[in-house]
Amino acid sequence: MSDEEQQKLVEQAASAWRGRDPRDGRAMTHPAWLDLDADGRRQAFAVAETLRALEAAIDPEGLSTTGRAVLARIRREKP
Amino acid sequence: MLDLDEHLAAIAAGDPDAFGLWVAGAEPSLRAGLRSLAARVDGEAILQEALLRIWQVAPRCVPDGRPNALLRLGARVARNLALDELRRLRTLATDDVDQVLAEPAAPRAPDPLLRRAIEECRGGLPKQPAAALTARLEAAGGDPDERLAERLNMKLNTFLQNVSRARKLVAECLERHGVDWKWELL
């Protein structure tokens with residue numbers, strides 16, 4: 001895999017978007033993460049840590065996109 | 001020490017806003033607890049699932065006199081989900097149980113000066129990286145990058161390069177401002 005291809009997968013895997021398992025609604029592993037080797041996965045984790053911290057630092061409520069994704073789901077499912 | 005249990009009663013009563021306040025403080029500690037397994041499980045998926053479970057079990061969390069009882073419970077939830085995933089993948093090793101941190105790092109209060117510095121740096125981003133970063137923020141994890149790229153009339157590769165560039169430019173800008181962002185943020 002080229003460096004460029006690896007970087008593309010790292011950036012995708014570092015996003016907060018996760019698909020939902022149609023059977024039970026659980027957050028599924030990102031397809032890009034599955035295509036990464038161990039070093040790429042560690043890099044994706046580190047990039048996600050930085051991005052989430054940046055997002056939370058500038059969010060008016062201190063929430064990262066992970067926090068916002070989870071809160072949106074809770075509010076949707078709240079009876 | 002920041003004690004996120006100040007939100008526990010409202011969370012247990014079913015207040016999502018209170019849970020949002022708790023998540024804002026707890027997420028970095030919970031994420032850091034999964035770092036040792038970063039090459040073997042998708043930490044983001046595990047963390048999102050853990051946060052949902054924590055919301056569900058919060059009414060049963062009993063404070064034990066130490067701060068951050070819900071955070072400690074949450075760290076166990078995240079750890080158990082990660083170990084379950086390794087079991088499901090049939091890759092659980094005997095020392096994995098000890099590798100995953102059971103005791104979370106203490107949460108830190110947000111820094112208003114850091115926030116101002118990041119906003120200034122974000123404001124100085126070139127148009128395309130700024131648009132890509134904003135698209136990610138506004139989507140709030142609700143849409144895949146393919147869809148965000150399409151909305152911005154960018155190819156996926158270009159969109160991802162712009163996200164990457166935005167992140168690096170903000171980091172460089174913070175360093176120019178004398179902000180040790182790795183220490184401040186992570």
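Per chain, numbering begins at 1; letters A, B, ... match sequence-line order. The model shown is predicted, which means the values in this text are computed figures rather than measured ones.
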Mind checking the CD1-CG spacing from B:I118 to A:L54? Nearest 0.5 Å is all I need.
5.0 Å
Whatever's closer than 4.5 Å to a heavy atom in chain B on A:Q43 counts as neither
ILVMFWY network linking B:L70 to B:L81, side-chain heavy atoms under 4.5 angstrom
yes
Please state whether the side chain, the backbone, both or neither of B:L21 comes within less than 4.5 Å of a heavy atom of chain A.
neither
Please look at B:P110 and chain A and tell me whether the side chain, the backbone, both or neither of the residue comes under 4.5 angstrom of a heavy atom of that chain.
neither
Which atoms of B:I46 come close to chain A, meaning under 4.5 Å heavy atom to heavy atom: side chain ones, backbone ones, both, or neither?
neither
Side chain, backbone, both or neither: which part of A:D37 has a heavy atom under 4.5 Å from chain B?
neither
Does A:F45 form a side chain to side chain contact (heavy atoms under 4.5 Å, CB included) with B:R31? I'd like the steps, not just the answer.
CA-CA 9 Å; A:F45 187 91; B:R31 188 182 295 276; 3.9 Å; yes
Hphob cluster co-occupancy, A:W17 + A:L9, side-chain heavy atoms under 4.5 angstrom:
no
What heavy-atom pair brings A:L63 and B:G20 nearest, and what distance separates the two atoms?
CD2-O, 3.4 Å
Which bit of B:R147 is near chain A, if near means a heavy-atom gap under 4.5 Å: side chain, backbone, both or neither?
neither
With B:V23, which of A:T66, A:V70, A:L71 fulfils side chain to side chain contact (heavy atoms under 4.5 Å, CB included)?
A:L71
Which region of B:D143, side chain (C-beta onward) or backbone (N, CA, C, O), has a non-hydrogen atom less than 4.5 Å from a non-hydrogen atom of chain A, or is it both or neither?
backbone
Answer with side chain, backbone, both or neither: which region of B:Q56 has an atom nearer than 4.5 Å to a non-hydrogen atom of chain A?
neither
Is B:D64 atom CG crowded by more than 12 heavy atoms from other residues, nucleotides or ligands, each under 6.0 Å away?
yes
Nearest-0.5 Å distance that lies between atom CD in A:Q12 and atom CG in B:L160
5.0 Å
In one Ile/Leu/Val/Met/Phe/Trp/Tyr side-chain cluster, 4.5 Å: B:L125, B:M154:
no
Any B:D17 side-chain heavy atom under 4.5 Å of A:R75 side chain:
yes
Common cluster, B:F159/B:L169, ILVMFWY with side-chain heavy-atom separation under 4.5 Å
no
Apply side chain to side chain contact (heavy atoms under 4.5 Å, CB included) to B:N157 and A:E4, showing your working.
CA-CA 9 Å; B:N157 268 357; A:E4 193 184 333; 4.3 Å; yes
Most contact-rich option vs chain A, by heavy-atom pairs under 4.5 angstrom, among B:L137, B:L156, B:V163, B:L52, is B:L52
Under 4.5 Å to a heavy atom of chain B? For A:E61 that would be backbone
Taking all heavy atoms of A:E49 and all of B:A32, pick out the closest pair and write down the distance.
OE2-CA, 4.0 Å
Chain B shares the most heavy-atom pairs under 4.5 Å, among A:S15, A:A38, A:A69, A:A13, with A:S15
Is chain A contacted by the side chain of B:I54, its backbone, both, or neither, given a heavy-atom distance below 4.5 Å?
neither
Measure B:E138 against the heavy atoms of chain A and call it side chain, backbone, both or neither at under 4.5 Å.
neither
Under 4.0 Å between a Lys/Arg side-chain N and an Asp/Glu carboxylate O for A:E11 and B:R167?
yes
Would you say the side chain of B:E44 lies within less than 4.5 Å of the side chain of A:H30, judging by non-hydrogen atoms?
no
Which is it for B:R35 and A:R42 under the side chain to side chain contact (heavy atoms under 4.5 Å, CB included) test, yes or no, and what are the steps along the way?
CA-CA 8 Å; B:R35 195 180 295 135; A:R42 285 189 202 99; over 6 Å; no
Contact class of B:R122 relative to chain A, heavy atoms under 4.5 angstrom:
side chain
Tell me which of these, A:L34, A:V10, A:I58, has more heavy-atom pairs under 4.5 Å with chain B than the rest.
A:I58
Only one of A:M28, A:R20, A:R73 passes side chain to side chain contact (heavy atoms under 4.5 Å, CB included) with B:Q48; say which it is.
A:R20
Are A:R18 and B:D42 close enough for a salt bridge, meaning some N to O gap below 4.0 Å?
yes
Where on A:R26 is there a heavy atom nearer than 4.5 Å to chain B: the side chain, the backbone, both, or neither?
both
Could you tell me whether A:K8 and B:D145 have a side-chain N and a carboxylate O separated by less than 4.0 Å?
no
Nearest heavy atoms of B:A38 and A:R41, plus distance in Å:
O-CB, 3.5 Å
Are A:W33 and B:L89 connected into the same hydrophobic cluster when the rule is that any two of I, L, V, M, F, W, Y join if their side-chain heavy atoms are below 4.5 Å apart?
no
Options B:A139, B:A171, B:A45, B:G25, ranked by heavy-atom pairs under 4.5 Å with chain A, top entry:
B:A45
Can you tell me which of B:L51, B:L148, B:V170, B:L47 forms the most heavy-atom pairs within a distance under 4.5 Å of chain A?
B:L51
